[in-house]
Protein chains: 2
Amino acid sequence: MGLSSTGYVILGFLGRRPMSGYEIKSLVDKSTRFFWTASYGQIYPELRRLAEAGLIEGEARPQGGRRRTVYRLTAAGHRELRDWLADDPHVLELRDEALLKLFFADSAGHQGAAEILAAKRERHLEEVETLKAIEPKARALPARFPHVVVRYGIECHQWAADWCERVASELAGGEEEAERRSA
Amino acid sequence: MGLSSTGYVILGFLGRRPMSGYEIKSLVDKSTRFFWTASYGQIYPELRRLAEAGLIEGEARPQGGRRRTVYRLTAAGHRELRDWLADDPHVLELRDEALLKLFFADSAGHQGAAEILAAKRERHLEEVETLKAIEPKARALPARFPHVVVRYGIECHQWAADWCERVASELAGGEEEAERRSA
DNA sequence: GCATGCATGTAAGGAGTTACATGATTCA
DNA sequence: TGAATCATGTAACTCCTTACATGCATGC
């Protein structure tokens, strides 16, 4: 079928229960954003395309005078979601500016390298804190896997933070030696 | 100065030694692509912009009848590189389709979830193999940090593969229990 | 002679973000 | 009354990839 990646996020959320585009966006911001983002500029046009393709159905559900459209999966949408889940995942991309800087850290001096590592560590620890704040909510959900994924995030960022600390002390040890040699 | 992200990759490589756009691209493909990609469509226009901004200088260095331009950092380019390395890194983005599927795995059944975990594990192990093949070359480099970063990649993907295995067996244990209950 | 690698580039298009515009409702 | 939240949407823009075009050099 060749849906956009955002299309599958939408199908995934609608697989749980019917909801509006706005609600999908706020759930994305609270959950999948750590490994898969989506903006209004993608979500609303994609909702229209999915409806045209017959994978979802919209129903007007105004709240007072505030217009609102709630979407649900059709039978075809359920099939599409299941097929996608059964396919081998392909996208696995990382964009890590700290790692890029570390890669070029020979041009930064050993003080510079230490700062890059410290900043990277700090950043991962912030992510750990953010995810730990979310964790209880994920655990309370009727669905089981959101919590599994949150735990992945916590453990992964903690691992990365620990790696930074470990490498920083290895580097500091090596530097002391180098200083003795050059002294 | 507000360079594009590709601009800094170029400055980083030129910080080691002068080289052509083609060589930058092939080095990116062999090294930074695991956490920072760049295509010809970005590199060649960016080389021109960097030259216009006075951060790099191109010199014609044909090989026989084959035209070739080798770029080097100017003093301003060195400064720009050092300033960028000293700035706090900002971009840290992950796009992991397997994690997205796992997040929605409640719609996939426990067999489906097990398959997602197995596929994710397999993928991380492939990355480990790819990076292990590169590692000796990185270690042999005069620069020290490329090797540090390759080790990060190997250890990180190995950690992720192990996590998948651990969670898969937790899930399998839980499923046996659930089957006993429903039997 | 042909495949592979070196080398430079562009055009088209897809993906995604940001900013903006609009307007209702809720709650302090 | 004003801020925050709910709700939908678009326009402009950036970033980036893919595919293509060109042509020389090297080694089998």
Side-chain angles (χ1 to χ4, degrees), chain A residues 1-10 13-14 18-30 32-52 56 58-71 90-97 100, chain B residues 1-10 13-14 18-30 32-52 56 58-71 90-97 100:
Chain A
M1 181 117 255
L3 255 43
S4 81
S5 60
T6 305
Y8 292 109
V9 178
I10 293 173
F13 277 114
L14 295 183
M19 57 182 87
S20 68
Y22 183 85
E23 197 178 356
I24 291 170
K25 167 65 172 157
S26 57
L27 287 177
V28 164
D29 287 346
K30 277 183 241 158
T32 68
R33 95 177 137 95
F34 300 103
F35 50 91
W36 208 278
T37 60
S39 60
Y40 287 126
Q42 294 169 268
I43 289 171
Y44 285 113
E46 189 65 24
L47 281 169
R48 194 171 294 168
R49 278 192 292 270
L50 291 172
E52 275 163 23
I56 64 175
E59 193 192 343
R61 281 279 186 86
Q63 300 257 294
R66 190 201 276 159
R67 82 183 156 130
R68 179 160 161 270
T69 308
V70 167
Y71 293 89
H90 289 108
V91 182
L92 177 60
E93 288 164 15
L94 178 66
R95 262 180 107 72
D96 185 339
E97 196 181 355
L100 186 65
Chain B
M1 182 116 253
L3 254 43
S4 81
S5 59
T6 305
Y8 293 109
V9 178
I10 293 172
F13 277 114
L14 295 183
M19 56 182 89
S20 67
Y22 183 87
E23 196 178 357
I24 291 170
K25 167 63 172 158
S26 55
L27 287 177
V28 164
D29 287 345
K30 278 183 241 159
T32 67
R33 94 177 137 94
F34 300 101
F35 50 91
W36 209 276
T37 61
S39 60
Y40 286 126
Q42 293 168 268
I43 290 171
Y44 284 114
E46 189 64 26
L47 281 168
R48 195 171 296 168
R49 278 191 292 271
L50 291 171
E52 275 163 25
I56 64 175
E59 191 191 344
R61 280 281 185 86
Q63 300 259 292
R66 189 201 279 156
R67 81 182 158 132
R68 180 160 160 269
T69 309
V70 167
Y71 294 89
H90 288 109
V91 182
L92 177 59
E93 287 163 14
L94 178 65
R95 262 180 107 71
D96 185 339
E97 197 182 354
L100 186 65

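First the proteins, then the strands, lettered A, B, ... as listed; each starts at 1.
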**Separation between CG of A:L94 and CG of B:L92, rounded to the nearest 0.5 Å** = 7.0 Å

**pair A:L100-B:T32: side-chain heavy atoms closer than 4.5 Å** = yes

Identify each donor-acceptor pair in which a side-chain atom of residues 40-48 of chain B lies under 3.5 Å from a protein atom, sequence neighbours left out, and give them as a table.
unit_1 : atom_1 : unit_2 : atom_2 : d
B:Q42  : OE1    : B:S39  : N      : 3.0
B:Q42  : OE1    : B:S39  : OG     : 3.4
B:Q42  : NE2    : B:T6   : OG1    : 2.6
B:Y44  : OH     : B:Y22  : N      : 3.4
B:E46  : OE1    : B:S4   : OG     : 3.2
B:E46  : OE1    : B:R49  : NE     : 3.1
B:E46  : OE1    : B:R49  : NH2    : 2.8

**Asked** Taking only residues two or more places apart in sequence, or in another chain, which ones meet A:Y71 in a ring pair (Phe, Tyr, Trp, His ring centres under 6.0 Å)?
**Response** none

**Prompt:** For C:dT17, does OP1 or OP2 lie under 4.0 Å from any side-chain N or O of A:T37?
**Reply:** yes

**Complete:** The side chain to side chain donor-acceptor pair (under 3.5 Å) partners of A:S5 (sequence neighbours excluded) come to B:R95

List the atom pairs, with distances to 0.1 Å, where a side-chain N or O of residues 59-69 of chain B and a protein N or O form a donor-acceptor pair under 3.5 Å, not counting sequence neighbours.
unit_1 : atom_1 : unit_2 : atom_2 : d
B:R68  : NH1    : B:R61  : O      : 3.3

**Message:** On the nucleotide D:dC16, are OP1 or OP2 found under 4.0 Å from the side-chain N or O atoms that B:S4 carries?
**Reply:** no

**Asked** What are the two closest heavy atoms between A:V70 and A:P18, and how far apart are they?
**Response** CG1-CB, 3.6 Å

**Request:** Take atom CD1 of A:I43 and atom P of D:dC6, then tell me their distance rounded to the nearest Å.
**Result:** 14 Å

**Asked** Does any non-hydrogen side-chain atom of B:W36 lie less than 4.5 Å from one of B:V91?
**Response** yes

**Fill in**
Output for pair (B:D96 CG, A:F34 CZ), nearest 0.5 Å, gives 14.5 Å

**Request:** Whole angstrom is fine here: how far is it from CD1 in B:I10 over to C1' in D:dC15?
**Result:** 14 Å

**Message:** Nearest whole Å is fine: how far is C:dG14 P from B:R95 CZ?
**Reply:** 16 Å

Atom pairs under 3.5 Å: protein N/O with N/O of nucleotides 5-7 of chain C:
unit_1 : atom_1 : unit_2 : atom_2 : d
C:dG5  : N2     : B:R66  : NH2    : 2.7
C:dC6  : OP2    : B:Y22  : OH     : 3.1
C:dC6  : O3'    : B:R66  : NH1    : 3.2
C:dC6  : O2     : B:R66  : NE     : 3.3
C:dA7  : OP1    : B:R68  : NE     : 2.8

**Asked** Rounded to the Å, how far apart are B:Y71 OH and C:dG9 C1'?
**Response** 11 Å

**Message:** Could you tell me how far apart B:E46 (CD) and D:dT14 (C1') are, to the nearest whole angstrom?
**Reply:** 12 Å

**Asked** Is A:R61 touching bases, backbone alone, or none of the nucleic acid, heavy atoms closer than 4.0 Å?
**Response** nothing

**Prompt:** Starting at CG of A:L3 and ending at P of C:dG16, how long is that distance when rounded to a whole Å?
**Reply:** 12 Å

**Item:** Whole-Å gap separating P (D:dC16) and CZ (B:R33)
**Value:** 17 Å

**Item:** Any B:S5 side-chain nitrogen or oxygen under 4.0 Å from OP1 or OP2 of D:dT14
**Value:** no

**Message:** Using whole Å, what does the distance between atom P of nucleotide C:dG9 and atom NZ of B:K25 come to?
**Reply:** 16 Å

**Request:** Using five base pairs at each end, measure the axis-to-axis angle across the helix from C:dG1-D:dC28 to C:dA28-D:dT1 and round it to 10 degrees.
**Result:** 30°

**Message:** Categorize A:R48 for me: base, sugar-phosphate, or nothing, with a 4.0 angstrom heavy-atom threshold over every strand shown.
**Reply:** sugar-phosphate

**Request:** State whether B:Q42 places a side-chain N or O below 4.0 Å from either non-bridging phosphate oxygen (OP1 or OP2) of D:dC15.
**Result:** no

